[in-house]
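Below: one structure, written as structure tokens.
Because the structure is predicted, anything quoted here is derived from the model rather than measured. Excluded from the calculations below are hydrogen atoms, water molecules and symmetry mates; all remaining heavy atoms, backbone and side chain alike, are included.
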Amino acid sequence: MITASKVHAARRCGYAFRPDVPKTPRFPGAAARMGTLAHETLESLVRARVPSTDLAGAYLDHDRHAVQAYKWVHKYGLPTHVELGFLYNTETDTAALGPRRGEPGYDVTPEHCIRGTFDMVWDLEGTGTVIDYKTGKVKNAHVDQLKIQAVAASRIWGFKGVAIGFLFSRLTKVIEPKFEYMNEDDLDSEAGGLRKLLHVIPTAEPTQGDHCRWCDVTPGACPVWANGTEQQGEE
């Protein structure tokens, strides 16, 4: 299964996403669990339309992250859509809303399709803005995730162009989005690239690199691993 957040990894090593290769998913670490809670808190704040002046006294880390993010979002302008799941079909170049991460059905993906979750989308009369919210390291955020979201958003809401960016929260501040604009040609080009990617996945060969340390392939099931342990990456 390929989700929007894993497109970057699939482009580096499609072998890990072959349906015939056994996987042993990793249990989410503390940072990932904190990020999930921060997303849930931010969604609650946005949906309740809570004024930023009422946000005080948050003590837990995920609350503090969400408060910082909400203050920026409230100033920027509240999104039209928040935390919506989508399914993008690379063969038909169409997308539809569906289960979001964590909901029943999200882990079941039809052939040639990519699932994902929109964190925040702004509908600006023919154009859109898509922001993905992060609590982790900047270097771990890949624009591939945003580009597939932009394609899906354009197919769902008919956007002719989409501005994309990451919003990073910290305990006392945010790192604001550095927006990239995708016009119709950019969106179509990305759609074509995604279609090609999913076509080669079933026969993809393993590619060794630093991404191996995060791979979900069962130890011993990958030719570039030695005796079930990670080899040194090329990069």
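Contact annotation: the side chain of D132 never approaches that of L167 to less than 4.5 Å [non-hydrogen atoms, C-beta and beyond]. Between F27 and R33 the shortest side-chain heavy-atom distance falls below 4.5 Å. Side chains of I2 and V7 form a contact here, defined as non-hydrogen atoms less than 4.5 Å apart. Using a 4.5 Å heavy-atom cutoff, the side chains of E83 and H39 are in contact. When side chains are defined from C-beta on, W72 counts as touching P177, because their heavy atoms get closer than 4.5 Å. Residues T172 and R64 meet the side-chain proximity criterion, which asks for heavy atoms closer than 4.5 Å. Between V217 and F17 the shortest side-chain heavy-atom distance does not fall below 4.5 Å. Side-chain contact between I175 and V138: present, with at least one pair of heavy atoms (C-beta onward) separated by less than 4.5 Å.
Side-chain atoms of R115 come within 3.5 Å of backbone N or O of Y106 as a donor-acceptor pair. The backbone N or O of Q145 lies less than 3.5 Å from no partner atom in the side chain of H8, so there is not a single donor-acceptor pair. Of the possible donor and acceptor atoms, none in the side chain of T127 sits under 3.5 Å from a partner among the backbone N and O of D123. The backbone N or O of R100 lies less than 3.5 Å from a partner atom in the side chain of E103, making a donor-acceptor pair. Formation of a donor-acceptor pair under 3.5 Å by the T41 side chain with backbone atoms of L37 is found in this model.
Remark: of the listed residues W157, F118, F86, W122, W157 is the sole one forming a ring-ring contact (aromatic ring centres under 6.0 Å, His included) with H81.
The closest side-chain donor-acceptor pair between T207 and Y15, if any, does not fall under 3.5 angstrom. There is a side-chain donor-acceptor pair under 3.5 Å between Y88 and D93. Donor-acceptor pairing under 3.5 Å is lacking for the side chains of T135 and S169.
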Step by step, would you call T129 with L124 a side-chain contact (heavy atoms from CB on, under 4.5 Å)? CA-CA 8 Å; T129 296; L124 305 172; 3.6 Å; yes
Residue pair M34, H65: steps toward the side-chain contact (heavy atoms from CB on, under 4.5 Å) verdict: CA-CA 9 Å; M34 192 277 288; H65 271 271; 3.7 Å; yes
For a side-chain contact (heavy atoms from CB on, under 4.5 Å) check, start with the C-alpha distance between K147 and I164, then their side-chain angles and the critical distance, and finish with the verdict. CA-CA 7 Å; K147 287 183 175 181; I164 56 176; 4.0 Å; yes
Given the rule in the side-chain contact (heavy atoms from CB on, under 4.5 Å) test, do V174 and Y133 qualify, once you have shown the distances and angles that lead to the verdict? CA-CA 10 Å; V174 297; Y133 171 47; over 6 Å; no
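Taking every heavy atom of both residues into account, R18 and K23 meet most closely at O-NZ, 2.7 Å. Across all non-hydrogen atoms, the minimal contact from G161 to L187 is CA-CD1, 4.3 Å. Minimum interatomic distance between L198 and C113 (heavy atoms only, all atoms of both residues): CD2-N, 3.6 Å. Taking each heavy atom of G116 and A4 in turn, the nearest pair found is CA-CB, 4.3 Å. Contact between R155 and A191 at its shortest, heavy atoms only, is NH2-CB, 4.0 Å. Of all the heavy atoms in G14 and I201, the pair that sits closest is CA-CD1, 3.6 Å.
In the hydrophobic cluster analysis, where Ile, Leu, Val, Met, Phe, Trp and Tyr join through side-chain heavy atoms closer than 4.5 angstrom, L97 is grouped apart from L87. Residues V151 and L197 fall within the same hydrophobic cluster, defined by Ile, Leu, Val, Met, Phe, Trp and Tyr side chains chained together at heavy-atom separations under 4.5 Å. The hydrophobic cluster containing I131 does not contain Y181, counting ILVMFWY residues as joined when their side-chain heavy atoms lie under 4.5 angstrom apart, directly or transitively. F159 and I114 fall within the same hydrophobic cluster, where Ile, Leu, Val, Met, Phe, Trp and Tyr residues are linked whenever their side-chain heavy atoms come under 4.5 Å apart, directly or through other members. M182 and L146 fall within a single hydrophobic cluster, where Ile, Leu, Val, Met, Phe, Trp and Tyr are joined by side-chain heavy atoms under 4.5 Å apart, directly or via other members.
Residues forming a side chain to side chain donor-acceptor pair (under 3.5 Å) with S154 (at least two apart in sequence, or on another chain): none.
No more than 12 heavy atoms of other residues, nucleotides or ligands lie within 6.0 Å of NZ in K6, so this atom counts as exposed by the packing criterion.
Ion pairing between D119 and R101 holds under the 4.0 Å rule for side-chain N and carboxylate O. Contact check on K160 versus D188 returns no salt bridge, with no Lys/Arg side-chain nitrogen under 4.0 Å from an Asp/Glu carboxylate oxygen. With respect to the salt-bridge test (charged N to carboxylate O, under 4.0 angstrom), the residues D210 and R12 qualify. Between R11 and E190 there is a salt bridge, since at least one side-chain N of the basic residue sits less than 4.0 Å from a carboxylate O of the acidic one.
Considering CG of D63 and CG of L42, their distance stands at 11.5 Å, rounded to 0.5 Å. F168 CZ to K178 NZ: the interatomic distance, rounded to the nearest 0.5 Å, is 9.5 Å. Distance check: T90 OG1 to I148 CD1 gives 8.5 Å after rounding to the nearest 0.5 Å.
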